[in-house]
Enquirer: 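The structure under discussion is supplied below as structure tokens; questions concerning it will follow.
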Amino acid sequence: MTSILVLGATGYVGGRLVPELLRADHTVRCLSRSAESFDGVDWADRIEIVEGDLFDPATLGPAFADIDQVVYLVHSLNDEDFERKELECAANTRAAAEHAGVGHLVYLSGLGDDTTELSPHLRSRHNVGRELASGATPVTELRAAVVIGAGSASFEMLRSLTDVIPVMTAPSWVTSTMLQPIAIADVLTYVSAAIDTHEVVLDCENSHRIVEIGGPDAMTYGDLVHVYSSVCGLRRRIIPIPVVSPGFSAHWVNLVTPIPKRLADSLIDSLEHDVVVTDTSARQLSPHHPMTTRRAVELAVAVVGDAVIAPDAAVDLDHRDPARPRDWDQAWAGGTLYEDRRTMTTTAPPTAIQQTVRGIGGERGWYGWGVLWTIRGLLDQLFGGVGLHRGRLHPDDIAPGDHIDFWRVDVVDDHLFRLRGEMKLPGTAWLEWATTERGTGTEVVQRARYAPRGLLGRLYWFTMSPFHSVIFPLMLRRIVAAAEQVEPPSPTD
């Protein structure tokens, strides 16, 4: 069993790495300025949290004591003067690790050719690696380019741009500069391999092992946009314009994406440089075969929030999949999910509510504004959808996978009934009813949720919102009223 200190555990990669380390039976300690930063993290009770600050060397002793290996995932791209700050954190980490006798340090860095003039972001990444390796502690520096997964800043920038803008004008280097994306799952595999093979570094004359990691596909950023578009069923065009500067591109990204400005600026600057694997060091570290970029994107977009977008696709829907969004990710991460939420409290028990909603559709209708539902069904048929003519397989019995008009049953349990839309939409829709006992009553939460596809999907939601404000409140009131008339089951001996 190895004791591992993770620095940057609440960040994108760290938040996915720690559960992997715990599953491998490592003992994990995390450093944070405040233990409250782990509130809501579902693995927080399985780690040791030590409060400290990498800018304050006097606070680092307890975090580094009795640690075998350190994983360094810290960056300061959102800060002014980030190069100086990142170097200061690295120097303090190096000194603390050396003083505590740490056996090995693993650092996730960025690809890029040191013989060229790199962007400030990539230059800082490499300088941090050199600083960490300037002491007595052996260092494995993993260098990666764009990491593909929900929550990754690079991927969320790609997602936002491609979803919103049908036609992009971009600097010419967007269609010429090469990069080599890598899936988050593969990054974690290589980090774990670096931890497991630390003896190799100890035996090397050069205790600074640099490993270049990437997926099997080298491509331009324009190619990556087209891969994402293909996976998501979008048509996107990129018009390269030589006179468009990185600064102008950064302003455009800041306008149409939720990515923090300084972070977006740094990422845009880095796209000017080729960031591809140039050696076989990854193969020497691990025989692992990374997944293709298309596969990585499929996994990254399969789930938005807790809503499964692609249930029929060949994707791993295990909740542990690191490509899925996490509750503790940044607010700007994880894709767009619109919601119409209605809540009522009733004296009807949860069983009566669930019995009522499970009988919805077909000949019973949709509890209000039947004319609007009929019109929506006719419009669906007009555009090639199934409309309302399918009805129900059985008036009362229902199971996951059954159809109800232009919906499909997604989830059925004691307190949740969820339908997934099969109407023709520029996106994916769900309608659900959740019940929770509250004292002597029941809280009923009705949610209509929608994951838009492209700009048209967003326009569709806002066009339909006025109708939602009329239909859904009446629907919930009538469902609750019907449930309150349900006869309670007879007592049994």
Enquirer: Backbone N or O of Ser124 within a donor-acceptor pair of the Asn127 side chain at under 3.5 Å?
Expert: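 It does not hold such a pair.
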
Enquirer: Are any of the side-chain heavy atoms of Ser281 and Ile210 separated by less than 4.5 Å?
Expert: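 The answer is no; the side chains never approach within 4.5 Å.
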
Enquirer: Taking Gln69 for the side chain and His104 for the main chain, is one N or O donor matched with an acceptor at less than 3.5 Å?
Expert: no

Enquirer: What distance do Leu87 atom CG and Phe82 atom CZ have between them, rounded to the nearest 0.5 Å?
Expert: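 So the gap between those two atoms works out to 12.0 Å.
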
Enquirer: What I want to find out is whether Glu88 reaches Arg84 closely enough, with some N-O distance under 4.0 Å, to be called a salt bridge.
Expert: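 Yes.
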
Enquirer: Is any side-chain N of the basic residue among Arg125 and Glu86 closer than 4.0 Å to the acidic one's carboxylate O?
Expert: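 Looking at Arg125 and Glu86, the cut-off is met.
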
Enquirer: Asp340 vs Arg342, test: salt bridge (Lys or Arg N to Asp or Glu O under 4.0 Å). Steps then yes/no.
Expert: CA-CA 7 Å; Asp340 182 287; Arg342 311 284 170 174; 2.8 Å; yes

Enquirer: So Arg294 and Glu298, salt bridge (Lys or Arg N to Asp or Glu O under 4.0 Å) or not? Walk me through it.
Expert: CA-CA 6 Å; Arg294 184 179 184 87; Glu298 287 175 346; 3.7 Å; yes

Enquirer: Can you give me the closest heavy-atom contact between Ser3 and Ile67, atom names plus distance?
Expert: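 Smallest interatomic distance, heavy atoms only, reads OG-CA, 3.5 Å.
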
Enquirer: Taking Asp163 for the side chain and Gly454 for the main chain, is one N or O donor matched with an acceptor at less than 3.5 Å?
Expert: no

Enquirer: Taking atom CE of Met291 and atom CG of Asp217, what is their separation to the nearest 0.5 Å?
Expert: 11.5 Å

Enquirer: Does the side chain of Trp328 reach to within under 4.5 Å of the side chain of Phe38, using non-hydrogen atoms?
Expert: no

Enquirer: Using salt bridge (Lys or Arg N to Asp or Glu O under 4.0 Å), reason through Arg143 and Asp114 one step at a time and then give a plain yes or no.
Expert: CA-CA 12 Å; Arg143 292 184 174 180; Asp114 284 316; 3.3 Å; yes

Enquirer: Is it true that atom CG of Asp327 has more than 12 heavy atoms of other residues, nucleotides or ligands lying nearer than 6.0 Å?
Expert: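 Open: at most 12 neighbouring heavy atoms sit under 6.0 Å from CG of Asp327.
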
Enquirer: Considering non-hydrogen atoms only, spot the tightest contact between Asn92 and Pro57 and give its length.
Expert: OD1-CG, 3.5 Å

Enquirer: Taking the six-membered ring for Trp, are His288 and Tyr190 parallel (under 30°), tilted (30 to 60°) or perpendicular (over 60°)?
Expert: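 Because their plane-to-plane angle is over 60°, the rings of His288 and Tyr190 count as perpendicular.
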
Enquirer: Please enumerate all residues that pass side-chain hydrogen bond (donor to acceptor under 3.5 Å, both in side chains) together with Ser34, with sequence neighbours excluded.
Expert: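 Listed in chain order: nothing, the list is empty.
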
Enquirer: A side-chain contact here means heavy atoms from C-beta on lying under 4.5 Å apart; do Thr27 and Thr2 qualify?
Expert: no

Enquirer: Counting C-beta onward and ignoring hydrogens, is there a side-chain heavy-atom pair between Ile182 and Val146 closer than 4.5 Å?
Expert: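 They are not in contact (no side-chain heavy atoms under 4.5 Å apart), so the answer is no.
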
Enquirer: Using a 4.5 Å cut-off on heavy atoms from C-beta on, say whether the side chain of Ser152 contacts that of Tyr12.
Expert: yes

Enquirer: Crowded around Lys85 NZ? As in, over 12 foreign heavy atoms under 6.0 Å?
Expert: yes

Enquirer: Tell me if a side-chain donor or acceptor on Ser119 pairs with a main-chain N or O of Leu122 at a distance below 3.5 Å.
Expert: yes

Enquirer: Taking side chain as C-beta onward, heavy atoms only, is Tyr72 less than 4.5 Å from Val139?
Expert: no

Enquirer: Spell out, as yes or no, whether a donor-acceptor pair under 3.5 Å connects the side chain of Thr116 to the backbone of Asp113.
Expert: yes

Enquirer: NE2 of His208 to CD of Glu141: how many Å apart, nearest 0.5 Å?
Expert: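 The NE2 atom of His208 sits 4.0 Å away from the CD atom of Glu141.
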
Enquirer: Relative to each other, are the rings of Tyr338 and Phe462 parallel, tilted or perpendicular (30° and 60° limits)?
Expert: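 Ring orientation, 0 to 90° scale: perpendicular.
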
Enquirer: List the steps and the verdict of side-chain hydrogen bond (donor to acceptor under 3.5 Å, both in side chains) for Ser37 and Ser32.
Expert: CA-CA 7 Å; Ser37 62; Ser32 177; 2.7 Å; yes

Enquirer: Might you confirm whether atom CZ of Phe55 has over 12 heavy atoms from other residues, nucleotides or ligands at distances under 6.0 Å?
Expert: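 Above 12, so yes.
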
Enquirer: Got a second to check how far Leu234's CG is from Leu455's CG, nearest 0.5 Å?
Expert: 10.0 Å

Enquirer: Around atom CZ of Arg33, are there more than 12 heavy atoms of other residues, nucleotides or ligands at under 6.0 Å?
Expert: no

Enquirer: Over all heavy atoms of both residues, which pair between Ser286 and Ala193 is shortest? Give the atoms and the distance, please.
Expert: CB-CB, 3.9 Å

Enquirer: Can you tell me if Glu51 uses its side chain to pair, donor with acceptor, with the backbone of Ala35 under 3.5 Å?
Expert: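 Yes; at least one donor-acceptor contact below 3.5 Å.
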
Enquirer: Just by modelled atom types, is the Ile309 backbone N or O under 3.5 Å from a matching donor or acceptor in the Arg420 side chain?
Expert: yes

Enquirer: Please check this pair: side chain of Thr59 against backbone of Asp56, looking for a donor-acceptor N/O pair closer than 3.5 Å.
Expert: yes

Enquirer: Run Arg324 and Asp329 through salt bridge (Lys or Arg N to Asp or Glu O under 4.0 Å) and show every step you take.
Expert: CA-CA 10 Å; Arg324 295 179 64 143; Asp329 284 339; over 6 Å; no

Enquirer: Please name the pair of heavy atoms, one in Ile195 and one in Leu21, separated by the smallest distance, quoted to 0.1 Å.
Expert: CD1-CD2, 3.7 Å

Enquirer: Any side-chain heavy atom of Leu54 sitting closer than 4.5 Å to one from Leu60?
Expert: yes

Enquirer: Using a 3.5 Å distance criterion without hydrogens, assess whether the side chain of Arg449 forms a donor-acceptor pair with backbone atoms of Glu339.
Expert: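 No; zero donor-acceptor contacts below 3.5 Å.
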
Enquirer: Counting distance only, does the side-chain N/O of Asp380 pair as donor-acceptor with the main-chain N or O of Met423 below 3.5 Å?
Expert: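 Side chain of Asp380 to backbone of Met423: no pair is present.
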
Enquirer: State, yes or no, whether a side-chain contact exists between Gln446 and Phe472 at a heavy-atom distance under 4.5 Å.
Expert: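 Gln446 reaches Phe472 side chain to side chain.
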
